[in-house]
Structure formats: structure tokens, C-alpha cells
S.K.: 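Structure in C-alpha cells, see below.
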Amino acid sequence: MGTELDGYTVHEDNPLGYGSSLPVPSVQEIVRNDANNVPERYIKYLEDRPLSSEKCPVSLDIPIINLSLLTNGDEDERKKLNLACKDWGFFQIINHGADEVLPKMKAAVAAFFELPLCEKKKYAMAANDVQGYGQGYVISDEQKLDWNDLLFLITMPSSFRNMKYWPITIQGFKETLEEYSIELQRVIDEIFSNLSLLMGMEGGFLKELQGFLGLGPHSDCSSITLLLQDDDITALQIKHKEAWIPIKPVPNALVVNIGDVVEAWSNGLYKSIEHRAVTNKKKPRISVATFVIPCDDVELNPLETMVDDNYRPRIYKNDVKYVDYLRHTLARKMDGKATNVQYLKL
Ligand SMILES: O=C(O)CCC(=O)C(=O)O
Ligand SMILES: [Fe+2]
């Protein structure tokens with residue numbers, strides 16, 4: 001049973017059952033104390049480190065989608081979205097109408113990470129939950145760790161919120177996150193409406209299947225992910241035609257990527273691309289990832305409209321429920337794209 005806090009239910013004894021991650025030392029704290037003394041677990045094997053020779057010419061940029069054109073039903077922009085999902089699996093959105101809240105959101109998250117460790121630990125992930133402050137995908141004491149700390153909060157629908165993980169003592173944090181979620185919901189609805197039409201379904205089809213919003217190389221176990229990143233640090237890289245391409249931030253844009261779920265629904269037409277975030281020596285970086293995921297019982301079968309026995313034979317299984325796929329994924333360490341998507345393939 002939960003208790004009521006400020007109008008929301010606190011699910012103290014009722015975690016979501018998706019999985020959990022072991023507690024590990026904070027990266028930010030390691031840097032604060034002595035950046036030259038990093039525990040072995042955080043030092044990657046040589047073969048897993050990004051090489052500067054892997055980098056592609058920076059002139060290769062992912063497509064930019066103008067959301068206001070999509071909202072106005074512009075057919076050419078919708079075609080551009082189709083190509084972006086097929087050829088890249090990644091794009092940036094501009095003219096999304098959420099400009100005001102983006103800097104506020106960055107500031108709210110920065111305020112959380114600036115708190116002293118003892119304050120942040122008040123929001124630490126419980127042993128049986130994925131929400132809270134910590135690190136994700138840690139399943140053993142031996143595995144190498146990513147160079148990041150995270151605060152994972154479920155924001156939508158509000159009945160799924162667990163307020164014990166929300167740093168509501170930071171002035172304006174809750175209001176900003178709520179405002180950001182509402183703005184993103186509008187952006188997400190527009191993207192899903194267009195993807196539904198592109199996949200031969202009614203405009204509201206994909207939206208109806210969604211439940212709520214929500215590094216090493218990985219693909220995302222979401223339907224789509226929206227990423228707000230710092231404007232002045234290029235850290236995100238995506239695997240495109242066997243090369244790692246850096247995603248140069250476009251100020252005030254949101255980066256969107258196709259997750260494993262839409263890849264399966266589209267029978268592989270739209271690509272869930274492997275990506276990673278690389279470190280830099282100059283300054284810490286904050287990013288805010290919003291994972292849109294389906295309801296637990298939604299099945300990840302390819303849509304009938306996306307299967308054609310002659311031209312597009314089915315390559316994904318029927319009857320895999322989202323919750324089973326998610327549990328499978330969260331029980332493993334983050335390890336590229338193949339293992340997760342293999343679970344969905346015939
Ligand atoms: O911080 C980034 O640029 C990437 C984050 C990401 O890929 C994720 O959280 O799934
Ligand atoms: Fe990701």
C-alpha cells in the first residue's frame with residue numbers, strides 16, 4: 001500500500017517488478033574526491049574503449065525534423081520522418097514548441113546532481129526497484145561500470161510516480177518536471193500519430209499502446225526515446241553503417257531515436273540503432289532521457305500492415321509481451337544491441 005504525499009501515491013512497498021540494479025560508487029563523487037584515483041571497476045578494457053580513429057567526419061549529421069510542419073500535416077515532412085527512421089533510426093526535432101521548459105529542466109537536473117552525496121542518497125534506488133538515484137544495468141560485482149550516475153524517475157501516468165524518489169526539496173523541481181513531461185507528451189503524441197500513419201494504421205494507433213514515459217553501447221528498450229542534452233558537449237554517438245557518428249547538439253532541439261519496440265512493430269523497417277555516450281576531459285555532462293514504453297501486456301508482434309510474405313517476410317516473433325522483454329533486458333548488463341533484439345526475433 002502506498003501513502004499520499006502532496007496528492008500523489010507513494011508506492012513504498014510496491015516496486016514495478018521490472019528488475020533492479022546493484023548499488024555502486026558515484027562517478028561524480030570519485031571525480032570530486034580524486035579524479036586520478038579511479039576504482040578498477042570503472043576502467044574499461046582497452047578493446048571496449050572508444051577509439052578516436054573510429055570517429056566519422058563531423059559533417060555527417062542526422063536528419064532534422066520540423067515538428068510544427070508535422071503538426072500541420074505536411075506530407076513532405078512526414079516522408080522525411082519515414083526516411084529518418086529507416087536510414088538512421090535517429091533524428092533531432094526543432095520547432096517543437098517546448099523551448100521555454102528545456103533550460104529549466106536542465107537546471108533542475110543540474111541542481112539535483114549538485115547536492116552533496118548524503119542528500120542524493122536519500123533518493124537511492126531500493127534493492128528491488130529500477131527507479132531512483134544510482135546506476136542502471138549493474139548485475140554483478142565483477143562487471144565493468146559505465147562512467148555515469150543517474151536519477152531514474154517514472155513521470156507518466158502520474159499514478160505510477162513514486163514520490164519517494166523525487167527530490168522535491170529542490171525548489172521548482174517537481175513543477176519543472178511536470179511541465180517538461182506535459183510538453184514532451186505533446187511532442188510524443190505528434191511523433192506517434194505520424195508513425196502510425198506511416199505504418200498504415202489510424203493516427204491514434206501507436207499512442208493507445210503506450211503506458212508511460214519514463215553508457216556503454218546499447219539500443220533502447222523503449223518504443224521511442226527523447227533526449228535533452230547539453231548544447232556545448234558532443235558525447236552521444238550512434239552506429240551508422242558500421243561507423244560511430246557523433247551527434248552534434250542543435251541548440252534547443254530534442255534528439256529522438258527509435259527503440260527496439262518500434263523496430264519490432266515495423267518488422268525491422270524502422271531501426272533501433274546502437275548508441276553510446278563518450279566521456280570528455282573538460283567537464284561533466286548532463287542528459288535527460290525520456291523513454292516512452294508500452295503497457296506491460298502489449299505484444300511486440302510486427303503490425304499486419306508491415307508484413308508481406310513476398311516482399312517483407314515476418315522477422316519478429318508473435319506473442320512476446322513487453323513486460324517479459326523488459327525483464328529479460330534488465331536482467332542483463334548493457335551489451336550492444338544484439339542480445340536484446342535477438343529475444344524478439346524469429
Ligand atoms: O546521454 C546520452 O547521450 C545517451 C543516453 C542514452 O542513450 C540512454 O539513457 O539510453
Ligand atoms: Fe539510449
Side-chain angles (χ1 to χ4, degrees), residues 18-19 21 24 27-28 48 50 55 58 61-62 85 88-93 102 105-106 108-110 112-113 125 130-138 145-155 177 180-181 184 188 191 212-240 244-263 270-280 282-293 325-326 329-330 332-341:
Y18 290 152
S21 186
V24 293
V27 167
Q28 199 184 10
D48 293 333
K55 283 194 187 152
V58 257
D61 286 329
I62 58 172
C85 298
W88 287 89
F90 260 87
F91 52 93
Q92 311 217 37
I93 344 175
L102 303 191
M105 186 64 203
K106 287 180 184 172
V109 175
F112 171 75
F113 283 101
M125 281 173 191
V130 286
Q131 289 195 80
Y133 171 64
Q135 204 183 100
Y137 297 93
V138 185
L145 299 173
D146 279 339
W147 194 242
N148 70 334
D149 298 338
L150 73 84
L151 175 66
F152 184 69
L153 299 175
I154 292 175
T155 56
L177 185 45
Y180 183 72
S181 306
L184 253 60
I188 289 160
I191 296 171
F212 48 83
L213 305 182
L215 302 127
H218 66 284
S219 64
D220 288 352
C221 39
S222 54
S223 353
I224 59 170
T225 305
L226 292 86
L227 185 81
L228 174 62
Q229 50 171 353
D230 282 342
D231 289 340
D232 55 349
I233 305 171
T234 301
L236 176 64
Q237 299 184 344
I238 70 171
K239 194 85 171 269
H240 180 70
W244 284 105
I245 313 260
I247 304 297
K248 253 192 306 164
V250 170
N252 278 331
L254 289 161
V255 176
V256 181
N257 66 281
I258 298 293
D260 295 348
V261 173
V262 167
E263 174 168 314
Y270 296 151
K271 309 288 185 313
S272 173
I273 297 295
E274 205 173 328
H275 53 283
R276 66 185 184 187
V278 297
T279 51
N280 76 87
K282 290 189 205 116
K283 63 178 207 167
R285 167 177 181 265
I286 290 182
S287 66
V288 183
T290 301
F291 302 99
V292 187
I293 67 172
Y325 157 75
L326 186 63
T329 305
L330 293 178
R332 278 153 189 77
K333 59 191 171 93
M334 243 193 220
D335 187 18
K337 168 176 171 172
T339 34
N340 299 349
V341 174

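Just follow the structure's listing: the first ligand is 1, and inside any ligand the first atom is 1. The residues of the chain are indexed from 1 along the displayed sequence.
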S.K.: For D260 and Y325, does a side-chain donor sit closer than 3.5 Å to a side-chain acceptor?
M.R.: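 Note: D260 and Y325 side chains meet the donor-acceptor criterion.
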S.K.: Any donor and acceptor pair, going by atom type alone, linking the side chain of Q237 with main-chain N or O of I247 inside 3.5 Å?
M.R.: no
S.K.: Could you pull out the N/O contacts under 3.5 angstrom between ligand 1 and the surrounding protein atoms?
M.R.:
{"unit_1": "ligand 1", "atom_1": "1 (O)", "unit_2": "R285", "atom_2": "NH1", "d": "3.0"}
{"unit_1": "ligand 1", "atom_1": "1 (O)", "unit_2": "S287", "atom_2": "OG", "d": "2.6"}
{"unit_1": "ligand 1", "atom_1": "3 (O)", "unit_2": "R285", "atom_2": "NH1", "d": "3.3"}
{"unit_1": "ligand 1", "atom_1": "3 (O)", "unit_2": "R285", "atom_2": "NH2", "d": "2.8"}
{"unit_1": "ligand 1", "atom_1": "7 (O)", "unit_2": "H218", "atom_2": "NE2", "d": "3.2"}
{"unit_1": "ligand 1", "atom_1": "7 (O)", "unit_2": "H275", "atom_2": "NE2", "d": "3.0"}
{"unit_1": "ligand 1", "atom_1": "10 (O)", "unit_2": "H218", "atom_2": "NE2", "d": "3.0"}
{"unit_1": "ligand 1", "atom_1": "10 (O)", "unit_2": "D220", "atom_2": "OD1", "d": "3.2"}

S.K.: Between N257 (side chain only) and G89 (backbone N and O only), is there a donor and an acceptor less than 3.5 Å apart?
M.R.: no
S.K.: Ignoring hydrogens and angles, tell me if any N or O in the side chain of K248 forms a donor-acceptor pair with the backbone of I62 under 3.5 Å.
M.R.: no
S.K.: Who pairs with F90 by ring pair (Phe, Tyr, Trp, His ring centres under 6.0 Å), at least two apart in sequence or on another chain?
M.R.: H275
S.K.: Tally of protein N/O/S atoms under 2.8 Å from the Fe ion (ligand 2)?
M.R.: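 There are 3 of them.
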S.K.: Is a side-chain donor or acceptor of S219 paired with a backbone partner of E274 at a separation under 3.5 angstrom?
M.R.: no
S.K.: Is it the case that the side chain of Q28 and the backbone of F113 share a donor-acceptor pair, with hydrogens and angles ignored and the cut-off at 3.5 Å?
M.R.: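 Side chain of Q28 to backbone of F113, a donor-acceptor pair under 3.5 Å: yes, one is there.
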S.K.: Give a yes or no on whether the backbone of V256 and the side-chain of Q92 come within a donor-acceptor separation of less than 3.5 Å.
M.R.: no
S.K.: Sequence neighbours excluded, which residues qualify as ring pair (Phe, Tyr, Trp, His ring centres under 6.0 Å) partners of Y133?
M.R.: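 Scan of Y133 (ring pair (Phe, Tyr, Trp, His ring centres under 6.0 Å), adjacent residues dropped) gives F112.
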